[in-house]
Undergrad: 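Below you'll find the structure I mean.
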Amino acid sequence: MHDIKITDLIPHRPPFLWVDTIVEFADSTLITEKTISENLEVFKGHYPDHPILPGVLLCEGLFQTGALLIALLQKDSGQVLDGVPVLTRIEGVKFKRSVYPGNTIWMKVTLKEKIGGAWFLKGTLRVNNKVAVQANFACTLAPTK
């Protein structure tokens, strides 16, 4: 999976790209990784003396992994992604651990169901092999113009 360019699949770009590497894609599941740089601007304010990556950004990593999964599933089925994946629902988010500068996060997203133009997904984010965030979410495609 290392030959796939993430920016060819989703519209996200640095500094708001929260996926570094596609690790594995199989059976409607995608696993990705991101190493959290110690130099992120967000750490200057959240919290300066005890920097923690905000939970909303951890969720964004899961959501971007979901967008990548949708793109890869469409590609595998021979369909062209007609629009950009946008978040339409977030349910049951649980934050279990903090993520700190220098950590590598591992994100696993699985397609639970596709109904019409909606993808229903389940995501788990791990740090140091332990669950940090869990979330169920849904995406649809928004027109690009």
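Starting from 1, each residue takes its place in the sequence as its number.
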Undergrad: Using the rule given for side-chain hydrogen bond (donor to acceptor under 3.5 Å, both in side chains), can you reason through T32 versus T65, listing the C-alpha separation, both sets of side-chain angles and the distance that settles it, and then say yes or no?
TA: CA-CA 7 Å; T32 63; T65 299; 2.7 Å; yes
Undergrad: Tell me, yes or no, whether the heavy-atom count around K75 atom NZ, taken from other residues, nucleotides or ligands under 6.0 Å, exceeds 12.
TA: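 Counting other residues, nucleotides and ligands, NZ of K75 stays at 12 neighbours or fewer.
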Undergrad: Show, in sequence, the C-alpha distance, side-chain angles and deciding distance for L53 and W18, and conclude whether the side-chain contact (heavy atoms from CB on, under 4.5 Å) test is met.
TA: CA-CA 12 Å; L53 193 65; W18 292 98; 4.2 Å; yes
Undergrad: Using the rule that Ile, Leu, Val, Met, Phe, Trp and Tyr join whenever any side-chain heavy atoms are under 4.5 Å apart, tell me whether I105 and I52 fall into a single cluster.
TA: no
Undergrad: Determine, stepwise, if the pair I36 / Y100 fulfils side-chain contact (heavy atoms from CB on, under 4.5 Å).
TA: CA-CA 7 Å; I36 306 304; Y100 302 102; over 6 Å; no
Undergrad: For Q64 and F16, what are the C-alpha separation, side-chain angles and deciding distance, and is it a side-chain contact (heavy atoms from CB on, under 4.5 Å)?
TA: CA-CA 10 Å; Q64 289 181 17; F16 207 72; 3.9 Å; yes
Undergrad: Under the 3.5 angstrom rule, does the side chain of T88 hit a backbone N or O of A138 as a donor-acceptor pair?
TA: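 Yes, because the side chain of T88 sits within donor-acceptor range (under 3.5 Å) of the backbone of A138.
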Undergrad: I need the T104 OG1 to R126 CZ distance, nearest 0.5 Å.
TA: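 Answer rounded to 0.5 Å: 15.0 Å.
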Undergrad: May I ask you to check whether over 12 heavy atoms, not counting those of D27, lie within 6.0 Å of atom CG?
TA: no
Undergrad: Between V127 and L58, is any pair of side-chain heavy atoms under 4.5 Å apart?
TA: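 Of all side-chain heavy-atom pairs linking L58 with V127, none is under 4.5 Å.
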Undergrad: With a cut-off of 6.0 Å (strictly less than), are more than 12 heavy atoms of other residues, nucleotides or ligands near CG of D82?
TA: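 Counting neighbours around CG of D82, 12 or fewer heavy atoms of other residues, nucleotides or ligands fall under 6.0 Å, so no.
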Undergrad: When you compare the side chain of L72 with that of I4, does any pair of heavy atoms fall below 4.5 Å?
TA: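 In contact.
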Undergrad: Output yes when a side-chain donor or acceptor of D20 lies under 3.5 Å from a complementary backbone atom of T35, and no otherwise.
TA: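 Side chain of D20 to backbone of T35: a pair is present.
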Undergrad: Rounded to the nearest 0.5 Å, how far does CD1 of I31 lie from CG of L69?
TA: 11.0 Å
Undergrad: Heavy atoms, side chains only, cut-off 4.5 Å: are L73 and F25 in contact?
TA: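 L73 vs F25: side chains touch.
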